[in-house]
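So the structure is just underneath, and the comments pick up after that.
Side chains included, hydrogens not; waters and symmetry mates left out as well; all remaining heavy atoms used.
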Amino acid sequence: MYPEDISQLFSSEAIQQALANNQWIDWIEEATQGNASQKEINLSLRGGSDKLKVYTAFNYNNTQGLLSNENQTRYGMRFNVDYQIRDWAKIGSSTSLTYTIKNSRGKNIFTKSLTAFPLGEPYDANGNINVNYIEGETSPFGDEIEDQYADETRTTYANINAYVELTLLKGLTFRSQISTNLNNARNGKYVGTHSLQGVENGYSAPYSYISNYYGYSYAWDNVLTYDVEPVKGHKLTLTGVTSWNKGQSDNNNMRASGQPLDSYLFHNMASGITKYGVQSKYSQTQKMSYALRFNYVYKDKYIASFTTRWDGASHLAEGHKWEAFPAGALAWRVSQESFMKPVEKWLSNLKLRVSYGVTGNSGGMGAYSSQTGAATYSPVSIDGLLSSVSQLVSPYGNPSIGWEKTYQWNYGVDLGLFNNRVNVNLDIYNSKTKDLLFSRTLPITSAITAWGSPMTTWQNIGETSNKGYEIQLSTVNIRNKDFEWRSSLSYTHNKEKIVNLPDGDLVAKKLFEGYPIKTFYDYKYAGIWSTAEADEAAKYGCQPGYVKIETVEQFTTDENGNLVGDGGVHTYSNTRDLQILGSNVPDGIVGLNNTFTYKGIELSAFAIIRYGQMIDSKTIGWYSTKNDNQPRGTNYWTPENQNTYFPRPGIASTTGIESLRYIDGSYAKIKNVTLGYVLPKKICKTLGIGKCRVYATAYNVFVLPFKSELKHTDPENNGSDTFPLYKSYLIGLNLSF
């Protein structure tokens, strides 16, 4: 049975009123309103002579997020020097140093407020947060309490490189460059007893964690180029390249729980009284590349380019570390032909392009994924003696793991009309990726397990394809002495699918032949059961107001060998009723940019439409039928309001509630608007400056989801509920002397 009126679910008018206007949302909005800001300072200096050039710069950036203690401060410095030793020899170096302090907030801060019980007071008489604002309910402001949550990362990054450039003969140049990257980072986290965030398995709040990372890499690149014109009009460029890269990383971490004082945060790990965990890792990889390139141009009309690369990666399996990747391109500037002269007044440019190439990917996995790893666990007592326990861990080594390769054709047309007042660029592409690098779970029957659980291994499996086209129209709509209006309209269409998998569909990984890699596979939402469907709903163990799922009819064979369906009379099953719902790959993306210039004033606006995609909206997923407190504005089911998207509240959690999350994520959005003004040269000269520009930019100005259920959310974040993509405003000043 179900209540005839939704008010029977609640015993208080105050509760009903609070449900209609969830005040936690207002409190969250009040707590975060106006906190986001950004400050940035850029200073640079150039100088030198004909032979010596020096450039130095300093950057400061401070960004404040929506929540307290959510910020990032970055300091950056750069110093470049180039020196022409002789007419045939040049040397130089560049150094950049960046120091960043970043404080991050935990996940789901906003969405956890959606289902917070809407009664009680968030603050006491002294303005402090009420941890237990009402009996049995914990404040969603737990992370706002001092010393209850911290996630601080301090990073130092340095890039240093030096080069020498020699002109050995006429047209023959050689450039050699050595560079190094140093990246050190320390991350510290603390989760207090009142924090909303969870901790690792085996630990409990209060919990602290600290890790240190040291990364360093070296690269040596050499380029030999020979430009020659053996016959007038025929230009040849031959290029040889070698590239060597070595990277190392070293990290360690520690965790503890049971700290007596929250104010210690992660700065006093020894104060933890219950459990400690210490880990350290080291990895090293090397890559080597060789390349030969041949370019040919004839009278700027016919262009040909051919390249072959040989790449090697140390982390791939023995015998599979090296692979060759050829590529070629042809272009014809048709508008330069003599037979095009009759139309040159309106046809400014016509260029045809075609290219084919093979590229490789060796990333996405660890440095030692071709080898089986092992871990040592806490010692155990064997005959009174302590002995450590070692166990194989994922990934399980694969001695044949190699390069992932993509084979791609590109066809293009560049068209310019009316002295290039109108330009059209069309690109059509067709690519296939084979031997995909994929982390696969081994079947339990393989007997390759860790503590009785299946292990994973990296394999080269399957094939995918990407087909699509991109078209861009750029126009100068109006141009006169003081005013100009430019527009750019683009459209992108892409079709992605898995062509084949070695053993058919991998349902556990949600990989299906004929569908994109990111495919949603779950219950399919079919509406809400109405009162008129009470008898039918009962067959599925449901009542009016419950989520209706589209079931998959099952067939059996009768005694005569005929197929007999179950008629849809069964309870929802998390195996047979799961279906392919859609993908996050859009059918199309439209972009429009307009720029207006009047004397020194410039106004530009960029808008985008993304349609035909599905998202997994975690925000909608926070709707919970087992709670009586629902988000404000939710159009949920009642006997008087049955044409709704959401089920009725106050009922036990039912199978299929998760189907609410999968929804059309199409949207239109004004991404940014910029208004700028450049001071006239006379005024700048009077002020003693070279150039001055003041500008203001607004980001995420307006968003319109196509589905009303996504109102007040931004589908661009693909349904993530971690943090919203909020509006932001930037005011800037550019000065040069």
Side-chain angles (χ1 to χ4, degrees), residues 171 225 227-239 293-307 326-357 407-431 466-495 587-599 601-609 611:
T225 304
D227 287 308
V228 63
E229 190 173 359
V231 179
K232 187 176 180 180
H234 297 264
K235 297 179 182 179
L236 298 176
T237 301
L238 302 174
T239 306
R293 182 185 304 129
F294 168 81
N295 289 339
Y296 169 75
V297 179
Y298 175 60
K299 292 185 177 181
D300 294 328
K301 292 190 297 185
Y302 311 108
I303 304 170
S305 176
F306 302 97
T307 304
L330 299 173
W332 178 24
R333 199 180 298 275
V334 184
S335 54
Q336 297 289 338
E337 298 287 357
S338 58
F339 60 77
M340 297 295 291
K341 287 188 178 296
V343 296
E344 64 181 0
K345 290 184 178 180
W346 62 270
L347 182 61
S348 313
N349 178 48
L350 175 59
K351 184 180 181 181
L352 305 179
R353 298 175 279 109
V354 61
S355 65
Y356 174 79
Y407 307 81
Q408 179 162 324
W409 281 97
N410 284 83
Y411 310 91
V413 177
D414 299 326
L415 182 65
L417 304 173
F418 311 112
N419 198 26
N420 291 326
R421 289 284 295 267
V422 177
N423 286 278
V424 180
N425 304 98
L426 172 64
D427 284 276
I428 302 173
Y429 57 89
N430 184 356
S431 69
N466 264 295
K467 298 179 181 179
Y469 58 88
E470 300 175 3
I471 185 169
Q472 180 169 320
L473 172 66
S474 301
T475 60
V476 181
N477 307 310
I478 299 176
R479 177 190 286 164
N480 54 42
K481 180 180 178 181
D482 296 325
F483 180 74
E484 184 177 271
W485 171 24
R486 291 176 173 268
S487 296
S488 179
L489 177 67
S490 64
Y491 177 75
T492 302
H493 173 77
N494 178 67
K495 186 175 182 180
D587 290 336
I589 302 174
V590 180
L592 175 63
N593 189 75
N594 282 287
T595 302
F596 305 90
T597 305
Y598 178 70
K599 294 185 176 180
I601 302 173
E602 181 179 286
L603 174 66
S604 65
F606 176 63
I608 187 173
I609 298 176
Y611 69 92

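A pairwise comparison of heavy atoms in K467 and N430 identifies CG-OD1, 3.5 Å as the closest pair. The minimum heavy-atom distance linking S305 with R293 is given by the pair OG-CG, 4.4 Å. Contact detail for A329 and S355: the closest heavy-atom pair is CB-CB, 3.7 Å.
Side-chain atoms of Q336 and K299, non-hydrogen and from C-beta on, never get closer than 4.5 Å to each other. Contact annotation: the side chain of L603 never approaches that of I601 to less than 4.5 Å [non-hydrogen atoms, C-beta and beyond]. S474 has its side chain within reach of Q472: a pair of non-hydrogen atoms, C-beta onward, lies under 4.5 Å apart. Between T237 and T225 the shortest side-chain heavy-atom distance falls below 4.5 Å. In this structure, the side chains of V334 and F339 come closer than 4.5 Å at one or more pairs of heavy atoms. Considering only heavy atoms from C-beta on, V590 comes within 4.5 Å of L489 through its side chain. Between Y491 and Y469, the closest side-chain pair of non-hydrogen atoms falls below 4.5 Å. For the pair N494/Y429, a side-chain contact is recorded, criterion being any heavy-atom separation below 4.5 Å from C-beta on.
In this structure, H493 contributes its side chain and D587 its backbone to a donor-acceptor pair below 3.5 Å. Checking side-chain atoms of E229 against main-chain N and O of G233 turns up a donor-acceptor pair under 3.5 Å. For N419 (side chain) and R421 (main-chain N/O), no donor-acceptor pair under 3.5 Å exists by modelled atom type. Side chain of S604 to backbone of T595: no donor-acceptor contact under 3.5 angstrom is found. Between the R333 side chain and the D300 main chain, a donor and an acceptor come within less than 3.5 Å of each other.
Taken from OH in Y296 to CZ in F294, the straight-line distance is 8.0 Å, to the nearest 0.5 Å. Atom-to-atom distance recorded for L426:CG and L473:CG is 12.0 Å, nearest 0.5 angstrom. For the atom pair W409 CH2 and S431 OG, the distance stands at 13.5 Å (nearest 0.5 Å). Going from atom NZ of K599 over to atom CD of E484 covers 15.5 Å, rounded to the nearest 0.5 Å. We find the CD1-OG distance between I589 and S490 to be 8.5 Å, quoted to the nearest 0.5 Å. To the nearest 0.5 angstrom, T597 atom OG1 is 10.5 Å from R479 atom CZ.
Look at D414 and R353 and you find a salt bridge, because one of the NZ, NE, NH1 or NH2 atoms lies within 4.0 Å of a carboxylate O, short of that distance.
S488 and N593 share no donor-acceptor pair across their side chains, judged by distance under 3.5 Å alone. Counted by atom type alone, N420 and N349 present zero donor-acceptor pairs between their side chains at under 3.5 Å.
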Quiz item: Please walk me through it: do L330 and F306 pass side-chain contact (heavy atoms from CB on, under 4.5 Å)?
Solution: CA-CA 9 Å; L330 299 173; F306 302 97; 4.3 Å; yes
Practice problem: Take W346 and L417 through the side-chain contact (heavy atoms from CB on, under 4.5 Å) test and state the conclusion after the steps. | Solution: CA-CA 5 Å; W346 62 270; L417 304 173; 3.9 Å; yes
Exercise. Check step by step if side-chain hydrogen bond (donor to acceptor under 3.5 Å, both in side chains) holds for D427 and N410.
Key: CA-CA 7 Å; D427 284 276; N410 284 83; 5.1 Å; no
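By the 30° and 60° cut-offs, the orientation of the rings of Y598 relative to F483 is tilted. The aromatic rings of W485 and F596 lie parallel to each other, their planes meeting at an angle below 30°, with 60° marking the opposite boundary.
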